[in-house]
Number of protein chains: 2
Amino acid sequence: MSGVRSGPEELDIENRPDQAEELLRLDRQVCFPLYAASNLINRLYRPVLAELGLTYPQYLTMLVLWERSPRTVGELAAALHLDGGTLTPLLKRLEASGFVTRTRDVEDERRVLIELTAQGRTLKTRAAQVPLTLMEGFEYSEEDADNLRETVQDLVAMLADRSQRRERS
Amino acid sequence: MSGVRSGPEELDIENRPDQAEELLRLDRQVCFPLYAASNLINRLYRPVLAELGLTYPQYLTMLVLWERSPRTVGELAAALHLDGGTLTPLLKRLEASGFVTRTRDVEDERRVLIELTAQGRTLKTRAAQVPLTLMEGFEYSEEDADNLRETVQDLVAMLADRSQRRERS
DNA sequence: GATAAATATATTGTGCACAAAATAAATCAA
DNA sequence: TTGATTTATTTTGTGCACAATATATTTATC
């Protein structure tokens, strides 16, 4: 009683306006709430992170670097599921803000190593308040939060896998 | 055994580097997978929607209009949880593509009515294939999909509510 | 050891996404 | 009615996000 069927009789939608209607209803979409949630979250984080001098994608990049530094641009892109072309300018801004340094790897001159500065490392203490601030006044049980996180993490793993497959073909 | 506690003893993180470590781990974040999922989904939709001459946000806008047209810019922004400033240029591009018209409401000259053109209405039939194409080869049971959708819809409702509260203050 | 293929970043061009400010029309108040 | 406030949309400026392309370095292949 599960699994996505995709027989040809379902793909032929031309003569089934009622099914088209159903499939295209905004409240039937799985992807739309994910899109909306992402935007709304960004909007909530914005003023809080602005006090640290960070944007949300910059904050995520710092999370990765706080776990281990230095890292190559490619490693960061993989961890964040982002395009390399997105990160280069973002990292330049983090460099301009004084949080990281960008240096060519002497071992392999193609690579660029992103390393935390003292200022970047110091920022971690203040940043630890961010998740607490965001959770404040949120009527979300720890169980619900864990469930949501795991559910979406599984989805991301699947989407990332699929994205990689497409890349290789 | 649930609910987010936010006592002052938890907010004082200065002398608890271990807790800071835990809170800032990327794989402990709820918001990051939502952000990653949103980007990955956009990436999967892109080539499919490109054949229809739409981007993902434009596709979502058309979904709303296929349910009812005309709509004001504000109604669209509310339905999509988007800023008005985001929609104006997007709608101009949809107009340039020939899918909608933009006309000042004669009843209230402040409002701009967005209405489907014949071409925009016709596009709906082809668009009905999009969800089917995207689901193809996805090992996701209908039950899991429903569960995910409802979970994230609830989150969006909460985030939207919170976002509005902030607006009024 | 020259040449080709693969790898790692950077650049370019298009399209969001948002806050803040600007514009303009409608409504309210004195 | 006039002047102030509110409401609806647009404009401006910053920062992603991505595909496609370009550039440079490394590794394979011969």
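Lettering of chains follows the sequences in order, A, B, ..., and the numbering in each one begins at 1.
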(message) I need the minimum non-hydrogen distance between B:R111 and B:T72, along with the two atoms involved.
(response) CD-CG2, 3.5 Å
(request) Tell me whether the OP1 or OP2 atom of C:dG15 has a side-chain N or O from B:Y56 closer than 4.0 Å. (result) no
(request) Would you kindly give the CD1-to-P distance between A:I41 and C:dC18, to the nearest whole Å? (result) 12 Å
(request) Inspect the contact between A:E21 and B:K124 and indicate whether a charged nitrogen and a carboxylate oxygen are less than 4.0 angstrom apart. (result) yes
(request) Mind calculating the distance between CG (B:D105) and P (D:dT7) to the nearest angstrom? (result) 17 Å
(request) Might you point out which heavy atoms bring A:L24 and B:A127 nearest each other, and give the distance in Å? (result) CD2-O, 3.8 Å
(request) For the side chain of B:V112, starting at C-beta, report the closest nucleotide among D:dC16, C:dA10, D:dT10. (result) D:dT10
Tabulate below the donor-acceptor pairs under 3.5 Å that side-chain atoms of residues 61-70 of chain A make, not counting sequence neighbours, or state none.
from, atom 1, to, atom 2, distance (Å)
A:T61, OG1, A:P57, O, 2.8
A:W66, NE1, A:G120, O, 2.9
A:E67, OE2, B:L26, N, 2.7
A:S69, OG, A:L116, N, 3.0

(request) Give the rounded distance in Å between these two atoms: CG of B:L87 and P of C:dC16. (result) 10 Å
(request) Using whole Å, report how far OH of A:Y59 lies from C1' of D:dC16. (result) 18 Å
(request) Please round to the nearest 0.5 Å and tell me the distance separating atom CG of B:N42 and atom OG1 of B:T55. (result) 8.0 Å
(request) In whole angstrom, give the distance that lies between atom CD of B:Q58 and atom P of C:dT14. (result) 14 Å
(message) Within the 4.0 Å heavy-atom criterion, would you say B:Y45 contacts the bases, only the backbone, or no part of the nucleic acid?
(response) nothing
(message) Protein within reach of the bases, or only the backbone? For nucleotides 18-25 of chain D, mark each nucleotide 5' to 3' as B, S or -, using heavy atoms under 4.0 Å.
(response) BB-----B
Could you tabulate the donor-acceptor pairs under 3.5 Å formed by side-chain atoms of residues 32-39 of chain B, not counting sequence neighbours?
none

(request) Report the C-alpha separation of B:V152 and A:L148 in whole Å, then their side-chain angles, then the decisive distance to 0.1 Å, and conclude whether the side chain to side chain contact (heavy atoms under 4.5 Å, CB included) test is met. (result) CA-CA 8 Å; B:V152 186; A:L148 174 63; 4.3 Å; yes
(request) Step through the shown structure and confirm whether more than 12 heavy atoms of other residues, nucleotides or ligands are within 6.0 Å of CD on A:E51. (result) no
(message) I need the CZ-P distance between B:R111 and C:dA26, as an integer number of Å.
(response) 10 Å
(message) Without decimals, in angstroms, what is the distance between B:E107 CD and C:dA26 C1'?
(response) 13 Å
(request) Could you tell me the separation between the OG atom of B:S97 and the CG atom of B:L54, rounded to the nearest 0.5 Å? (result) 7.5 Å
(message) Using a 4.0 Å cut-off on heavy atoms, which residues in residues 88-99 of chain A reach DNA chain D? List them by number, or say none.
(response) A:L90, A:R93
(request) Strictly below 4.0 Å, heavy-atom distances to any atom of DNA chain D: list the hits from residues 25-33 of chain B, or just say none. (result) none
(message) Measure CZ/B:R104 against C1'/C:dA26 and give the value in whole Å, please.
(response) 13 Å
(request) Can you run down the salt bridge (charged side-chain N to carboxylate O under 4.0 Å, His left out) pairs that involve residues 146-160 of chain B, sequence neighbours left out, and say none if there aren't any? (result) B:D146-B:R149
(message) I'd like to know if A:E109 pairs up with A:R104 as an ion pair, taking the criterion as any Lys NZ or Arg NE/NH1/NH2 lying under 4.0 Å from an Asp or Glu carboxylate oxygen.
(response) no
(message) Quick check on the hydrophobic clustering: are B:L113 and B:V100 connected, directly or via other members, by side-chain heavy-atom contacts under 4.5 Å?
(response) no
(request) Look at A:T55 and D:dT14 and indicate whether a side-chain polar atom (N or O) is within less than 4.0 Å of OP1 or OP2. (result) no
